[in-house]
Amino acid sequence: MTGAAPHVVVVDDEPDARAMVGDYLRMHGFEVSLCDGGRALRRRLAEVAPDLIVLDLNMPEEDGLSIVRDLKGRSTIPIIMLTATASPIDRVVGLELGADDYLPKPCELRELVARIRSVLRRAAQARGTVPEPVQPGIQPEIRQENGVRFGRMIVDTETLRLRDEAGSEQILTRSEYALLKAFLDNPKRVLTRERLLDLADARDPEAFDRAIDVRINRIRKKVEPDPANPRFIKTVRGMGYVFRPDGD
């Protein structure tokens with residue numbers, strides 16, 4: 001975060017809803033910018049880097065999912081989606097594109113504040129998890145000079161990027177990094193979905209129990225040579241997942 005008050009951008013094409021959310025967040029100590037759509041958001045991002053974006057998915061000018069795709073392709077700013085349909089399809093697509101959380105709309109504003117604080121806390125923890133000594137559970141042989149090896153990639157724990165041996169980079173979302181860290185801390189241990197949700201602080205209050213599978217499939221596309229036949233993040237039928245550092 002860039003100051004005493006976290007800066008949140010609220011993107012919604014409905015003026016009353018936008019103003020209501022903005023006023024409530026200001027009451028709870030946030031700095032707030034209000035945008036009525038994708039173009040206004042991009043203009044604001046050219047001026048300032050916020051700590052988080054609250055994004056309505058259903059807007060006539062440009063749908064929120066295309067905005068998520070664009071932003072997550074070039075930044076690590078956390079995004080909380082709001083969706084009036086509360087559709088599982090919207091949730092899955094948004095998570096696959098890199099969104100960090102979601103809420104149905106209209107939402108309970110107290111819950112929105114709690115979600116914002118939770119996502120900001122995870123983001124701050126992710127930025128601060130670069131210890132010099134080897135952590136318990138992480139095998140020394142997979143630790144590299146500028147990060148930690150995960151599958152065929154190197155996880156840069158300072159910039160939250162994946163880097164291959166040729167130097168090409170991919171951006172990690174906060175939720176992806178949290179899951180990768182959970183696996184790195186527990187190599188060769190079978191982790192249930194419940195355990196992974198707890199370790200990655202990624203539990204969905206509405207018990208959307210396949211959200212963890214969506215995140216893992218997204219990670220596999222980035223770290224596995226053949227995501228359809230994973231070597232490093234293996235599925236253990238009826239139990240969960242296991243991280244195999246050597247790809248065995």
Side-chain angles (χ1 to χ4, degrees), residues 52 68 72-73 75-81 91-102 115 118-131 135-139 142-144 147-164 169-228 230-236 239-247:
L52 183 141
V68 173
K72 285 301 184 178
S75 79
T76 59
I77 300 172
I79 297 174
I80 296 179
M81 304 178 292
R91 298 174 189 173
V92 169
V93 173
L95 291 169
E96 286 181 335
L97 292 175
D100 297 83
D101 206 345
Y102 63 85
R115 296 290 191 97
S118 177
V119 171
L120 289 175
R121 185 167 57 250
R122 294 201 302 266
Q125 290 171 345
R127 286 194 299 269
T129 51
V130 196
Q135 296 180 2
I138 297 182
Q139 296 185 349
I142 64 174
R143 192 168 280 280
Q144 308 289 313
V148 180
R149 178 167 290 281
F150 194 107
R152 61 192 178 93
M153 310 291 286
I154 302 294
V155 182
D156 189 322
T157 49
E158 291 185 349
T159 64
L160 303 191
R161 292 174 183 265
L162 282 172
R163 187 177 63 252
D164 63 20
E169 293 186 341
Q170 300 181 64
I171 296 174
L172 286 170
T173 67
R174 303 293 177 184
S175 60
E176 288 171 346
Y177 176 80
L179 266 180
L180 286 173
K181 186 175 185 301
F183 282 122
L184 287 167
D185 287 347
N186 297 274
K188 299 184 179 180
R189 296 177 185 171
V190 176
L191 301 173
T192 65
R193 291 180 178 85
E194 289 285 313
R195 182 61 176 150
L196 283 169
L197 286 168
D198 287 337
L199 289 172
D201 192 19
R203 184 170 299 283
D204 291 289
E206 295 182 11
F208 184 34
D209 59 1
R210 291 297 172 182
I212 200 73
D213 298 331
V214 171
R215 291 175 170 90
I216 287 176
N217 286 337
R218 200 166 69 215
I219 291 172
R220 280 172 167 167
K221 292 177 182 178
K222 295 183 177 182
V223 303
E224 298 280 359
D226 181 5
R231 294 170 48 200
F232 300 100
I233 303 177
K234 306 279 287 185
T235 300
V236 181
M239 297 183 67
Y241 297 92
V242 61
F243 169 46
R244 297 286 184 181
D246 301 320

Looking at every heavy atom in both V119 and P78, which two are closest together, and how far apart are they? CG1-CB, 3.4 Å
Strictly below 4.0 Å, N to O, side chains only: are R215 and D100 in salt-bridge contact?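 No, this pair does not count.
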Between D226 and R231 (salt bridge meaning N to carboxylate O under 4.0 Å), is one present in this structure? no
Just so I know, are the side chains of [X] and [Y] near enough to count as touching, which here means a heavy-atom distance under 4.5 Å?
{"X": "E169", "Y": "L162", "result": "no"}
{"X": "L196", "Y": "I216", "result": "yes"}
{"X": "Y102", "Y": "I80", "result": "no"}

With sequence neighbours left out, write down each residue that passes side chain to side chain donor-acceptor pair (under 3.5 Å) with T235, or none if nothing qualifies.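 Applying side chain to side chain donor-acceptor pair (under 3.5 Å) to T235 gives R220.
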Let me see the working for E224 and I233 under side chain to side chain contact (heavy atoms under 4.5 Å, CB included), right down to the final yes or no. CA-CA 8 Å; E224 298 280 359; I233 303 177; 4.1 Å; yes
Nearest-0.5 Å distance that lies between atom [atom1] in [X] and atom [atom2] in [Y]:
{"X": "D185", "Y": "F243", "atom1": "CG", "atom2": "CZ", "answer": "10.5 Å"}
{"X": "K72", "Y": "I79", "atom1": "NZ", "atom2": "CD1", "answer": "5.0 Å"}
{"X": "K222", "Y": "E176", "atom1": "NZ", "atom2": "CD", "answer": "3.5 Å"}
{"X": "L184", "Y": "L179", "atom1": "CG", "atom2": "CG", "answer": "11.0 Å"}

Quick one, R195 with V190, criterion side chain to side chain contact (heavy atoms under 4.5 Å, CB included). Give me CA distance, side-chain angles, the key distance, then yes/no. CA-CA 10 Å; R195 182 61 176 150; V190 176; over 6 Å; no
Determine whether V242 and F232 satisfy the following criterion, side chain to side chain contact (heavy atoms under 4.5 Å, CB included), listing intermediate values before the conclusion. CA-CA 8 Å; V242 61; F232 300 100; over 6 Å; no
Step by step, work out the side chain to side chain contact (heavy atoms under 4.5 Å, CB included) result for F183 and I219. CA-CA 11 Å; F183 282 122; I219 291 172; 5.5 Å; no
